[in-house]
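Here's the structure, in structure tokens; my notes come after.
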Amino acid sequence: MKIDPYKHKERYIKWKQKTQHSGLPNISQYNSDLILQYLEDMENGLNVAQGSVKGGRSFIRLNTLRDKLRFFSIKFNQIYSLDKITDISEEQVVKFFSDMQKGYIAREDGKKYSSTAYFVKNFKAFWHWWMKTNKKKGIEIRDITNDLDTSQEKPKWVYLTEEQIKRLCNKAKYEYKILMMFLFDSGIRSPTELINIKVSDLYNNCKELHVREEVSKTFGRRIKLMLCSNLLKDYIVEKNLKKEDYIFSIGPKNVNRYLKRLAKKVLGEEASEAGQRYSELTMYDFRHCSCCYWLPRYKSESALKYRFGWKKSDKIHYYSELLGMKDTIQEEDLLVDTTKTEIEKRLIQSENQNSLLKEELDCVKNQMQEILEITNKLCKNNLIYEI
């Protein structure tokens, strides 16, 4: 069974049961009924927009959709006095998201929304569902989302060098030292994959890790642990963990709070090379740092993607931003193919000559050994004769 640290399934089922008869609070009955119908379709994989992945949506996705659609219902009513979310015009919806991007429409605490594009994508998904359901009834609904901007700036994160990670580990509590080295070595998704790893998922004396298919976001994989295997082995013995025990039974919020305090104490409040301050360090940042560490060490892109559970190559740049990379070109790389081939031919000839000389030398050694043995026998016989 896969452990869900955020209890997405339980939250959604509980919410669904609560709203089944009473509907969604603080929005119109029309919007409430429409959102519930939309979520039911998404749960079952019905009326999915063309070009989208088919099948029912995950509970993570369903919880996101219900929150965002309720947000749109409330905001459209407050700003445009609309009781029906589907009455929004193209001009209104474009201006709405433009104002969000500029910070004119802000969060309750007055801060700017960090990712307007995420809101846009959720609204587009809803609107395309609305178009498809109406088309089945013979009603054509115009696509008002064509001009919506889905581009976004990449979120800042904390970049740590290998030396900085060692400094953190030296000052950390024992359990957190093991956790950090495991995250840095494996590059595993945390907390979703991390907390589902059992002792039985370790092989070859803790030198290999199996991320099972059922706990992975993308696909199962078996990877090598090159940095933390000995630490992990000692940790399992220290904690007396059994084969079916989970290795890291953690609370993500508590762990992230500790990491932030530790990073602030050891590395300070300065911004890292990836833009985010060290004092904002979380488990997620270790996946970025792991990618930066392994990128120059892997010989093939496909092998690196396999380690991290990626299907697309663009994830490599997204997670690493090429931080920690350096120019590795050598003088021999400047040799053109013809020159290189000639040098290789001469090298082979030289090796062949050395091989012949070695054979001749071995032959001479054998002859000398035979002469020595004959000489010793003659000397021995002469000695006996004299006696």
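Only heavy atoms go into these numbers, but all of them, side chains included; no hydrogens, no water, no symmetry mates. What you see is a predicted model, and the numbers here were worked out from it, not measured in a lab. If you read the sequence from its start, that first residue is 1, and numbering goes on from there.
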Hey, what do you get for CZ (R212) to NZ (K198), rounding to the nearest 0.5 Å? 5.5 Å
Would you check if there is a donor-acceptor pair between the side chains of D83 and N77 at a distance under 3.5 Å? yes
Decide if atom NZ of K154 counts as having more than 12 heavy atoms of other residues, nucleotides or ligands within a radius under 6.0 Å. yes
Check the hydrophobic clustering (I, L, V, M, F, W, Y; side-chain heavy atoms under 4.5 Å; chains of links allowed) and say if Y318 and W310 are grouped together. yes
Above 12 or not: heavy atoms from other molecules or residues under 6.0 Å from CD of E244? yes
Can you check salt bridge (Lys or Arg N to Asp or Glu O under 4.0 Å) on E90 and R142, steps first, answer last? CA-CA 9 Å; E90 183 174 11; R142 192 165 63 91; 2.7 Å; yes
K2 atom NZ, over 12 foreign heavy atoms within 6.0 Å: yes
Full working for side chain to side chain donor-acceptor pair (under 3.5 Å) between S32 and Q29: CA-CA 5 Å; S32 176; Q29 188 65 46; 4.6 Å; no
Have D41 and Q37 got a donor and an acceptor in their side chains that come within less than 3.5 Å? yes
Let me confirm one number: the OH-CZ distance from Y293 to F286, rounded to the nearest 0.5 Å. 14.5 Å
Are V53 and L62 joined in one hydrophobic group, where the rule is that I, L, V, M, F, W and Y side chains link up if heavy atoms are under 4.5 Å apart? no
Using a 6.0 Å distance limit plus a 45 degree cone around the ring axis, check whether R107 lies over the aromatic ring of Y113. no
Check whether more than 12 heavy atoms from other residues, nucleotides or ligands sit under 6.0 Å from atom NZ of K264, and answer yes or no. no
Would you indicate whether the side-chain heavy atoms of N122 and R61 approach each other to under 4.5 Å? yes
Test side chain to side chain donor-acceptor pair (under 3.5 Å) on K242 and N240 and set out the steps. CA-CA 7 Å; K242 307 303 180 186; N240 194 29; 3.3 Å; yes
Check whether more than 12 heavy atoms from other residues, nucleotides or ligands sit under 6.0 Å from atom OH of Y104, and answer yes or no. no
Steps toward side chain to side chain contact (heavy atoms under 4.5 Å, CB included) verdict (E43, R57): CA-CA 5 Å; E43 184 178 353; R57 275 28 190 171; over 6 Å; no
Looking at every non-hydrogen atom in both residues, tell me the closest pair between G110 and A106 and how far apart they are. O-CB, 3.8 Å
For the atom pair CE (M180) and CG (L168), what is the distance rounded to the nearest 0.5 Å? 5.5 Å
Distance (rounded to the nearest 0.5 Å) between W127 CH2 and W129 CH2: 11.0 Å
Any chance you could measure F119, atom CZ, to K75, atom NZ, to the nearest 0.5 Å? 9.5 Å
Considering only heavy atoms from C-beta outward, does the side chain of C169 approach that of F184 to under 4.5 Å? no
Could you verify whether a donor N or O on one side chain and an acceptor N or O on the other, from E238 and Y174, lie under 3.5 Å apart? no
So which heavy atom on N63 is nearest to which on H8, and how close? ND2-O, 3.0 Å
Is it the case that more than 12 heavy atoms not belonging to K14 sit under 6.0 Å from its NZ atom? no
List the atom of S313, the atom of K305, and the distance in Å for their closest heavy-atom pair. OG-NZ, 3.2 Å
Is there a side chain to side chain donor-acceptor pair (under 3.5 Å) between N47 and K136? Walk through the geometry before answering. CA-CA 10 Å; N47 293 316; K136 287 183 175 181; 2.5 Å; yes
Check: residues 223-232 side-chain donor-acceptor pairs under 3.5 Å, at least two apart:
none

Report yes if the side chains of S216 and R189 come closer than 4.5 Å at any heavy-atom pair, otherwise no. yes
If Ile, Leu, Val, Met, Phe, Trp and Tyr residues are connected whenever their side-chain heavy atoms lie under 4.5 Å apart, and connections chain through other members, are V93 and I74 in the same group? yes
Do we see a donor-acceptor contact under 3.5 Å between the side chains of R257 and N254? yes
With respect to L179, which candidate in L194, I247, L259 satisfies the side-chain contact (heavy atoms from CB on, under 4.5 Å) definition? L194
Single-linkage hydrophobic cluster, 4.5 Å side-chain cutoff, F219 and I316 together: yes
Is the shortest distance from a Lys or Arg side-chain nitrogen in E163 or K166 to a carboxylate oxygen in the other one below 4.0 Å? no
Tell me if the centroids of the rings in Y319 and F308 come within less than 6.0 Å of each other. no
Got a sec: does the CD of Q50 have more than 12 other heavy atoms crowding it under 6.0 Å? no
Closest approach of Y298 and A303, non-hydrogen atoms and distance? CD2-CB, 3.6 Å
Looking only at non-hydrogen atoms, find the nearest pair between L262 and A172 and report the distance. CD2-CB, 3.7 Å
Would you call R277 and E270 a salt bridge, using N to O less than 4.0 angstrom? no
What one should report as the nearest heavy-atom pair of Y30 and I85 is CE2-N, 4.4 Å
Report yes or no: is the cationic atom of K173 (NZ for Lys, CZ for Arg) closer than 6.0 Å to the six-membered ring centre of Y176, at no more than 45° off its axis? no
Stepwise salt bridge (Lys or Arg N to Asp or Glu O under 4.0 Å) check, E193 with K217: CA-CA 8 Å; E193 290 180 345; K217 181 180 179 181; over 6 Å; no
Classify the angle between the aromatic ring planes of F96 and F76 as parallel (below 30°), tilted (30 to 60°) or perpendicular (above 60°). perpendicular
Say whether, by atom type as modelled, one donor and one acceptor occur between the side chain of K177 and the main chain of N170 under 3.5 angstrom. no
Determine whether F71 and W15 fall in the same hydrophobic cluster, where Ile, Leu, Val, Met, Phe, Trp and Tyr are linked whenever their side-chain heavy atoms lie under 4.5 Å apart. yes
Does the pair D185/R307 count as a salt bridge with the N-to-O cut at 4.0 Å? yes
Decide salt bridge (Lys or Arg N to Asp or Glu O under 4.0 Å) for E175 and K239; before the verdict, give the C-alpha distance in whole Å, the side-chain angles of both, and the deciding distance to 0.1 Å. CA-CA 10 Å; E175 293 82 0; K239 295 297 181 180; 2.7 Å; yes
Do S89 and Q92 have a side chain donor and acceptor closer than 3.5 Å? yes
Carefully, step by step, assess E321 and W157 under the rule side chain to side chain donor-acceptor pair (under 3.5 Å). CA-CA 11 Å; E321 296 183 10; W157 52 281; 3.1 Å; yes
Would you indicate whether the side-chain heavy atoms of I188 and F182 approach each other to under 4.5 Å? yes
Give a yes or no on whether the ring-centroid distance for Y38 and W130 is below 6.0 angstrom. no
Nearest-0.5 Å distance, CE of residue M283 to OH of residue Y258: 14.0 Å
Please check if the number of heavy atoms outside K124 that lie under 6.0 Å from its NZ is greater than 12. yes
